[in-house]
Amino acid sequence: MPTDYSSLARQLASLLDDRDWLTNSAQTSAFIMHSVPDLNWAGFYLQRQPEQLSLGPFQGKPACHPIPFSQGVCGAAARSRDTQRVDDVHAIADHIACDADSRSELVVPILSGERLWGVLDLDSPLPARFTPTDQAGIERLVAVFVARSDLESDS
Ligand code: SME
């Protein structure tokens, strides 16, 4: 059965009842990991220094940190500010392999106004796991996270 992203967006909105981005990003990564099938990693990388992504709240195995904007699928999402949907990570020359099990990947940039705040990264052990429908659905969940969170607070 296809994932019902409308239902997930409603559930996530009611789960995020605090403005704190740290609490909300932890909750969002756990919610996605447990609600979207066939993932082996779901989490946030944050831009806390220029041109570099720092590992944030996530679910899955310990992951790579830091990631420069110049490298990997996450770096490409940060540079371009466009969602990166990769059917076969082995075909990407500078893919950063945090977990050898990962085969496909979806990375959605997260903006706070004009500023790149970070990215949401999802990995799957299945090749071509993410369809355009999944991309639109996950982008919708990111929009819920952004609307519910105070991304500029230091808390
Ligand atoms: N594969 C990513 C790195 C992050 S891990 O998948 C959690 C990349 O190439 O940017």
Side-chain angles (χ1 to χ4, degrees), residues 2-3 5 8-9 11-12 15-16 20-146 148-149 151 155:
T3 301
Y5 285 103
L8 293 187
Q11 292 174 54
L12 182 62
L15 181 65
L16 304 183
D20 186 334
W21 66 260
L22 179 58
T23 306
N24 286 352
S25 56
Q27 293 279 48
T28 299
S29 64
F31 178 77
I32 290 174
M33 190 69 164
H34 290 277
S35 306
V36 177
D38 300 316
L39 302 181
N40 62 336
W41 203 89
F44 291 83
Y45 279 93
L46 317 180
Q47 187 185 6
R48 313 191 86 188
Q49 295 180 46
E51 304 290 307
Q52 181 173 294
L53 293 167
S54 296
L55 183 60
F58 68 94
Q59 299 274 305
K61 290 184 183 173
C64 313
H65 165 85
I67 295 179
F69 275 25
S70 56
Q71 273 182 25
V73 183
C74 290
R79 281 196 309 276
S80 66
R81 300 183 170 200
D82 288 327
T83 296
Q84 306 292 304
R85 189 163 54 85
V86 177
D87 285 344
D88 178 6
V89 296
H90 295 160
I92 304 289
D94 76 341
H95 169 253
I96 302 166
C98 299
D99 181 346
D101 287 342
S102 296
R103 291 297 310 278
S104 57
E105 181 161 7
L106 183 73
V107 185
V108 180
I110 302 171
L111 300 176
S112 174
E114 293 292 300
R115 187 175 84 83
L116 182 92
W117 182 83
V119 303
L120 175 73
D121 181 19
L122 305 184
D123 291 338
S124 172
L126 304 182
R129 159 66 184 83
F130 303 103
T131 65
T133 304
D134 291 303
Q135 176 176 336
I138 297 298
E139 288 172 345
R140 190 167 168 184
L141 298 185
V142 166
V144 170
F145 167 75
V146 169
R148 292 267 164 179
S149 305
L151 297 184
S155 54

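In what follows, every heavy atom counts, from backbone to side chain, and hydrogens, waters and symmetry copies are set aside. Atoms within each ligand, like the ligands themselves, are counted from 1 in listed order. Residue numbers run from 1 in the order of the sequence given.
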Q: Would you say His95 has any N or O atom under 3.5 Å from an N or O of ligand 1, going by distance alone?
A: yes
Q: For ligand 1, indicate whether the residue Asp94 contacts it via side chain, backbone, both or neither (heavy-atom separation under 4.0 Å).
A: neither
Q: Taking 4.0 angstrom as the limit, do Asp134 and Arg129 come out as a salt bridge?
A: yes
Q: Against heavy atoms of Trp41, which atoms of ligand 1 measure under 4.0 Å?
A: 7 (C)
Q: At a non-hydrogen distance cut-off of under 4.0 Å, which region of Phe58 contacts ligand 1 (side chain, backbone, both, or neither)?
A: neither
Q: Looking only at heavy atoms, what is the nearest atom pair of Leu53 and Ala78, with distance?
A: CD1-CB, 4.2 Å
Q: Is there any N or O on Cys98 that sits under 3.5 Å from an N or O of ligand 1?
A: no
Q: So, for Arg85 and Phe130, which heavy atoms are closest and what is the spacing to 0.1 Å?
A: NH1-O, 3.2 Å
Q: When only distance counts, is Ala97 in polar contact with ligand 1, meaning an N/O pair under 3.5 Å?
A: no
Q: For atom 8 (C) of ligand 1, which protein heavy atom lies nearest, and how many Å away is it?
A: Val73 N, 3.4 Å
Q: Specify the closest pair of heavy atoms between Val119 and Pro109, including all atoms of both residues, with the distance to one decimal.
A: CG1-CA, 4.1 Å
Q: Out of Ile96, Asp121, Val89, who gets a non-hydrogen atom closest to atom 4 (C) of ligand 1?
A: Asp121
Q: Between Ile32 and Leu120, what is the shortest heavy-atom contact and its length?
A: CD1-CD2, 3.8 Å
Q: What heavy-atom pair brings Ser102 and His90 nearest, and what distance separates the two atoms?
A: O-NE2, 4.1 Å
Q: Taking 4.0 angstrom as the limit and counting only heavy atoms of Tyr45, give me the atoms of ligand 1 inside it, by number and element.
A: 4 (C), 7 (C)
Q: With a cut-off of 4.0 Å, which atoms of ligand 1 are near a heavy atom of Ile67?
A: 3 (C), 4 (C)
Q: Can we call the ring centroids of Phe44 and Phe145 under 6.0 Å apart?
A: yes
Q: Between Trp117 and Leu46, is there a side-chain heavy-atom distance shorter than 4.5 Å?
A: yes
Q: Looking at every heavy atom in both Ile138 and Val108, which two are closest together, and how far apart are they?
A: CG2-CG2, 4.0 Å
Q: May I ask you to check whether Gly75 has an N/O atom sitting below 3.5 Å from an N/O atom of ligand 1?
A: no
Q: With heavy-atom distances below 4.0 Å as the criterion, list the atoms of ligand 1 near Cys74.
A: 8 (C), 10 (O)
Q: With a cut-off of 4.0 Å, which atoms of ligand 1 are near a heavy atom of Gly72?
A: 9 (O), 10 (O)
Q: So if I count the atoms of ligand 1 from 1 in the order they appear, which ones are less than 4.0 Å from some heavy atom of Asp123?
A: 5 (S), 6 (O), 7 (C)
Q: Looking at Arg81, I'd like to know if its CZ atom is crowded, meaning that more than 12 non-hydrogen atoms belonging to other residues, nucleotides or ligands lie closer than 6.0 Å.
A: yes
Q: Taking 4.0 Å as the limit for heavy-atom contacts, which would you say applies to Glu105 with ligand 1: side chain only, backbone only, both, or neither?
A: side chain
